[in-house]
2 protein chains.
Amino acid sequence: MKKPHSLDEAGLQRALAALRRVVREKGLRASSARERVALAALRYGGHFTVEDLVRRSKDERLEETHASTVYRTLPLLLEAGLLEEIRVHRDEGTFYERAFEREHHDHLVCVGCGAVVEFHSEEIEEVQREVAVSFGFVLTGHSHELRGTCTACRERGRESRA
Amino acid sequence: MKKPHSLDEAGLQRALAALRRVVREKGLRASSARERVALAALRYGGHFTVEDLVRRSKDERLEETHASTVYRTLPLLLEAGLLEEIRVHRDEGTFYERAFEREHHDHLVCVGCGAVVEFHSEEIEEVQREVAVSFGFVLTGHSHELRGTCTACRERGRESRA
DNA sequence: TTGATGATGAATGTCATTTTCAATAAGGAG
DNA sequence: CTCCTTATTGAAAATGACATTCATCATCAA
Ligand SMILES: [Mn+2]
Ligand SMILES: [Mn+2]
Ligand SMILES: [Zn+2]
Ligand SMILES: [Zn+2]
């Protein structure tokens with residue numbers, strides 16, 4: 001199906017370079033904790049929460065990384081284009097996923113079982129740009145989430161999560 | 001431009017009827033607090049927060065309505081189709097707006113000044129349905145938010161909110 | 001009219017995220 | 001390399017939106 005083919009070592013290095021660039025141009029300093037979080041995030045396959053990331057940033061090398069540090073690092077990872085924030089469902093909090101060297105996509109979520117499907121429509125992307133232009137805007141991003149019921153849930157009569 | 005032409009008295013009554021229907025089929029009872037909140041929400045022009053709604057539900061008639069009651073009422077108003085939930089910006093919490101007897105639309109937000117433009121694209125709506133079908137889903141809803149910089153902010157060099 | 005049960009106000013709890021602050025580390029100047 | 005300024009971090013406390021609890025009040029069917 002869809003394999004988010006993880007980044008190879010060279011890719012990880014390019015990602016770290018992008019992060020360092022952002023860090024530098026903000027007058028910040030290099031730090032191992034930050035790169036530990038970045039690596040854990042980049043190696044994470046699929047969607048993850050802050051809590052997931054805190055956990056993985058720990059057991060990577062016995063080095064602990066506190067939640068507050070992860071929270072402080074996330075905005076930088078977003079700005080450096082390593083990650084993207086997604087809201088998979090009206091409840092369940094904020095999720096993240098790798099965006100670095102990965103094609104853009106949006107999400108279709110089943111309100112019955114929570115299954116998440118990734119999709120991409122160049123047609124939609126194009127219309128989005130047209131809409132923005134028609135209002136004098138220059139697009140910098142968007143979030144688009146479709147909700148519905150999957151085949152299995154419809155057969156099971158599951159219209160929303162228990 | 002775009003006037004969300006408020007509901008007339010008859011419209012308000014139809015909305016209350018829709019709410020009462022939902023309330024009844026859930027085995028709940030009629031209550032004045034609930035309708036006070038519903039009316040305040042329906043009469044609210046534009047986008048509003050829970051806090052805004054609590055405030056308006058109060059000074060409507062000297063009758064106070066506590067925040068917890070408003071929070072308890074909101075899900076019913078959503079289910080009855082009187083309101084719709086929107087996430088206007090990556091930060092700023094949850095907003096609501098009237099959906100009853102109002103055409104569907106999505107939002108384009110300026111990341112510089114926070115201006116919000118409403119748009120509607122039948123083409124996008126159609127592609128959304130096609131995407132859902134292609135994955136065996138039946139759509140029940142979606143949220144779509146475009147982010148960008150408006151003309152004024154670009155001229156001013158404002159790329160993101162202070 | 002009344003009993004069963006839903007609704008409300010007020011207080012309290014919850015949970016994600018932010019802020020604070022003292023201790024530590026980075027890195028440029030000398 | 002050493003010093004000094006300033007960013008960074010862990011740890012704890014603070015926030016803030018929203019949920020839950022519980023005693024009291026209101027609704028409505030019998
Ligand atoms: Mn994804
Ligand atoms: Mn709107
Ligand atoms: Zn499903
Ligand atoms: Zn603007």
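Letters go in sequence order (proteins before strands), and every chain restarts at 1.
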Base, backbone or nothing for each nucleotide of nucleotides 21-30 of chain C, written B, S, -, heavy atoms under 4.0 angstrom, 5' to 3'?
----BBS---
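Remark: P of C:dA7 and CD of B:E63 are 18 Å apart, rounded to the nearest angstrom. A:R20 has its CZ atom 17 Å from the C1' atom of D:dA7, to the nearest Å. Rounded to an integer number of Å, the gap from A:R24 CZ to D:dT8 P is 14 Å. Distance CG (A:L76) to C1' (D:dT8): 12 Å, rounded to an integer number of Å. Atoms CD (B:E64) and P (D:dC25) sit 17 Å apart, rounded to a whole Å. Between B:E25 atom CD and C:dG6 atom P the separation is 16 Å, expressed in whole Å. For the pair A:L74 CG and C:dT18 C1', the interatomic distance rounds to 13 Å; values are reported in whole Å. As a whole-Å value, the separation of B:H66 NE2 from D:dA26 P is 14 Å.
The cationic group of A:R56 lies under 6.0 Å from the six-membered ring centre of A:Y44 and within 45° of the ring axis, placing it in a cation-pi geometry.
When each of D:dT8, D:dC18, D:dT9 is scored by its nearest atom to the side-chain atoms of B:T94, the top-ranked nucleotide is D:dC18.
Side chain of B:T69 to backbone of B:T65: no donor-acceptor contact under 3.5 angstrom is found. Side chain of A:H107 to main chain of A:F119: no donor-acceptor pair is present (N/O by atom type, distance under 3.5 Å, no hydrogens or angles). Counting only distance, with no hydrogens or angles, the side chain of A:T149 and the backbone of A:G112 share no donor-acceptor pair below 3.5 Å.
Heavy atoms of B:E51 sit nowhere under 4.0 angstrom from any nucleic acid atom.
Taking the ring centroids of A:H144 and B:H144, they lie under the 6.0 Å cut-off.
Here B:T69 reaches the OP1 or OP2 of C:dG9: one of its side-chain N or O atoms lies under 4.0 Å away. For the OP1/OP2 pair of C:dT18 and a distance below 4.0 Å, the side-chain nitrogens and oxygens of A:Y71 include no atom meeting the criterion.
Looking at A:E84 and A:R98, no side-chain N of the basic residue comes within less than 4.0 Å of a carboxylate O on the acidic one, giving no salt bridge.
No more than 12 heavy-atom neighbours from other residues, nucleotides or ligands sit within 6.0 angstrom of CD on B:E51.
Identified under the side-chain hydrogen bond (donor to acceptor under 3.5 Å, both in side chains) test for residues 15-27 of chain A, with sequence neighbours left out: A:R20-A:E35, A:K26-A:E79.
No hydrogens or angles considered: nothing links the side chains of A:H104 and A:E118 as a donor-acceptor pair under 3.5 Å.
Over its length, the helix from C:dT1-D:dA30 to C:dG30-D:dC1 turns its helix axis by 30°, as judged from the five terminal pairs at each end, rounded to 10°.
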